[in-house]
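What follows is a single structure, written as structure tokens, with notes after it.
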Amino acid sequence: MRILVYPHELTIGGSQINAIDLAAGIADAGHEVLIYGRTGPLVEYIKDRNLEFLPAHPLKYRPAPSRIIQLAEITRRRQIDLIHTYEWPGCLDAYFGAGLFLGVPLLCTVLSMSVMPYVPAAVPLIMGTEELGREAREVQHSNVWVLEPPINVDSDHPGIDGSDFRRTHGVSEHDLLIVGVSRFAPDLKLDSLVRAIDAADLLAGQYPIKLVLVGGGSAFDSLLERARAVNVRWEREVVALPGPTLDPRAAYAAADIVIGMGSSALRALAIGRPLIVQGEEAFSAIFNPETLNLFLKQGFYGLADGAAGATRLAEQLESLLANPDRREELGRFGREVVVQRFSLDRAVQVQLGIYTEILAHPNRYKVIDSVRSAYRALELEVQNHMPRVKLHKKRREEMLLAAARQGLWPPEAHYNYPKIHKWHFGSGVTSQEHSLLKSSKRSHGGG
């Protein structure tokens, strides 16, 4: 097979790395795989995996006419057998050219909160959780598979040495290190990051802890200011933000406890670290045999009650900080779960089977689906570029960052802005997309 893989973006993130790792696994199985996408930090990662990279036209519109034409030309010239896209913008770039007019089979992986209404109903889907898979089957005319984010359990393993990371950050053998690896984004991530800093603040007087949050993004400066306030209060470095890294394995390995969500949470489990899964609106829960089924159903994320303060997370952290035997037990349990259910080797075989089935039974695309998807995407794009909408989004982000910086959290107590409920293993849903999604569900009964 000759496969073209199109990640939704090439910034550092869990789903993008998953897409590249799966593509490399497919290539190792003897197939020709090309990666297409807008140039970003992960281009070097693609090349390190010995995959050919084809740069996409940088136009920001979704879908982008320039990329539709470019993909069709690449597909024709390179005789692509199947295009595997991630998230709806790339799906439409491939659908309206190579798929609709050249008849090339498509597959779309959706790791967002639900099936976005812009994905044509005839396009086969891979969803990230059983819950999302059930939702997708209610609206898609095509096949829907469930494939959780895969982890390379050979490269992410308990034998990784984290001692240099601890030394670099001044963590002694008697100190207790809490680590989070994340994008520092206002949407999806910020609530968990702020609460992590606040939980460290609550525990710093009782335990010799240090919280290291690895990552970067537009919320970095606000989180750094909040962390500095905690460090000044305790007259020591309780919270450190060293910035992003493409290879965070040493950070996970160094940790006594890891906090996080999505693929980051799974990587921590693969390395054998005890985990507290975070989400939004004050959600957090220890990963253990009692919560396993919950996370297999909804993904490594959750929504709670939006309670003020970080008491819930602090209590969960304390229960593990005070019990090293429990931490070791949970580390072993997490590793076993990931090896059995989330290994990259297993995922590659599942995905190869999906490719084979799609090529054997390609879907026929309907004009009505094309018109509906084009209309919805155009509606979203027009609204996103309206000055009023842009101003609202800018002010909302400024409010979130100000709340994080000033110690006012949750921001609902201080600002009136629309909530965004979303879930994914690494890709975002904007506030405008979420609004249109809810409208589409009301109008069309979609999932």
Side-chain angles (χ1 to χ4, degrees), residues 14 111 113 127-135 146-151 153 156-158 176-182 188 191-193 195-196 198-200 202-203 206-207 209 211 252-253 255-307 309-343 346 421-425:
L111 298 176
M113 58 163 286
M127 306 301 293
T129 70
E130 294 292 345
E131 194 171 78
L132 293 176
R134 284 193 295 272
E135 288 185 18
V146 172
L147 182 61
E148 292 105 340
I151 299 298
V153 295
D156 290 358
H157 59 84
L176 294 165
L177 176 61
I178 304 166
V179 167
V181 180
S182 175
L188 184 66
D191 184 76
S192 64
L193 293 165
R195 293 180 190 275
D198 290 353
L202 291 173
L203 295 168
Q206 302 166 264
Y207 295 91
I209 65 165
L211 171 67
Y252 294 121
D256 294 290
I257 302 170
V258 174
I259 55 176
M261 63 179 74
S263 295
S264 177
L266 288 168
R267 294 192 74 179
L269 293 177
I271 294 173
R273 311 320 299 151
L275 170 71
I276 296 178
V277 178
Q278 289 188 279
E280 290 185 282
E281 299 185 12
F283 178 88
S284 59
I286 297 172
F287 180 80
N288 57 35
E290 290 72 38
T291 58
L292 171 61
N293 287 333
L294 171 68
F295 292 125
L296 291 181
K297 178 183 177 182
Q298 71 181 31
F300 285 71
Y301 173 84
L303 295 169
D305 52 12
T311 303
R312 178 180 296 138
L313 176 60
E315 289 175 348
Q316 292 162 351
L317 284 166
E318 185 172 18
S319 71
L320 297 181
L321 291 169
N323 194 337
D325 291 340
R326 181 60 171 161
R327 297 201 302 268
E328 186 175 344
E329 177 187 342
L330 291 178
R332 287 195 302 269
F333 171 72
R335 170 69 182 181
E336 291 170 1
V337 170
V338 172
V339 170
Q340 292 172 8
R341 176 126 186 181
F342 296 92
S343 75
R346 172 185 174 273
H421 294 176
K422 54 192 175 295
W423 157 240
H424 75 133
F425 283 103

- Message: Give me the atom names and distance for the closest heavy-atom approach of A314 to L202.
- Response: CB-CD1, 3.9 Å

- Message: I'd like to know if the side chain of D191 and the backbone of A282 have a donor-acceptor N/O pair within less than 3.5 Å.
- Response: yes

- Message: Between E328 and R332, does any NZ, NE, NH1 or NH2 come within less than 4.0 Å of an OD or OE carboxylate oxygen?
- Response: yes

- Message: When you compare the side chain of S264 with that of F300, does any pair of heavy atoms fall below 4.5 Å?
- Response: no

- Note on the structure: The reported gap from CG in L269 to CZ in F342 (rounded to nearest 0.5 angstrom) is 8.5 Å

- Roughly how far apart are H157 NE2 and I271 CD1, rounded to 0.5 Å? 8.0 Å

- Distance (rounded to the nearest 0.5 Å) between L275 CG and L330 CG: 9.5 Å

- Message: Parallel, tilted or perpendicular: which one describes the rings of F283 and F295, with boundaries at 30° and 60°?
- Response: perpendicular

- I would like to know whether R326 and I286 meet side-chain contact (heavy atoms from CB on, under 4.5 Å); could you show each step before the answer? CA-CA 11 Å; R326 181 60 171 161; I286 297 172; 5.8 Å; no

- Evaluate the side-chain proximity of I276 to L320: yes if any heavy-atom separation is below 4.5 Å, no if none is. yes

- Heavy-atom pair of closest approach, residues A268 and V258: CB-CG1, 3.5 Å

- Message: Quick check against the 3.5 Å criterion: does Q316 have a side-chain atom that pairs as donor or acceptor with the backbone of S284?
- Response: yes

- Message: Please report the interatomic distance CG(L266) to CZ(R341), rounded to the nearest 0.5 Å.
- Response: 11.0 Å

- Item | Atom pair CG (L203) and CG (L176), whose distance is rounded to the nearest 0.5 Å | 10.0 Å

- Under a 4.5 Å cut-off applied to non-hydrogen side-chain atoms, are T129 and Q298 in contact? no

- Item | Residues I209, L317; criterion side-chain contact (heavy atoms from CB on, under 4.5 Å); working and verdict | CA-CA 10 Å; I209 65 165; L317 284 166; over 6 Å; no

- Can you tell me how far the CG atom of L188 sits from the CE atom of M261, to the nearest 0.5 Å? 5.0 Å

- Query: Could you go step by step and tell me if R273 and V179 meet the side-chain contact (heavy atoms from CB on, under 4.5 Å) rule?
  - Reply: CA-CA 10 Å; R273 311 320 299 151; V179 167; over 6 Å; no

- Message: I'd like to check R327 versus I257 (side-chain heavy atoms, cut-off strictly below 4.5 Å). Are they in contact?
- Response: yes

- Query: Should E135 and M127 count as side-chain neighbours, where that means a heavy-atom distance under 4.5 Å?
  - Reply: no

- What one should report as the nearest heavy-atom pair of S343 and V339 is CB-O, 3.6 Å

- Task: Report the C-alpha distance between V181 and R267 in whole Å, list the side-chain angles of each, state the deciding distance to 0.1 Å, and finish with yes or no for side-chain contact (heavy atoms from CB on, under 4.5 Å).
- Result: CA-CA 10 Å; V181 180; R267 294 192 74 179; over 6 Å; no

- Are the side chain of D256 and the backbone of L177 linked by a donor-acceptor contact shorter than 3.5 Å? yes

- Message: Which heavy atom of G128 sits nearest to which heavy atom of L111, and what is that distance?
- Response: CA-CD2, 3.6 Å

- Can you name the nearest heavy-atom pair linking A196 to L211, along with the distance? O-CD2, 3.4 Å

- Identify the heavy atoms of F287 and G334 that sit nearest to each other, and give their distance. CE2-CA, 4.0 Å

- Query: Does R335 use its side chain to pair, donor to acceptor, with the backbone of P158 at less than 3.5 Å?
  - Reply: no

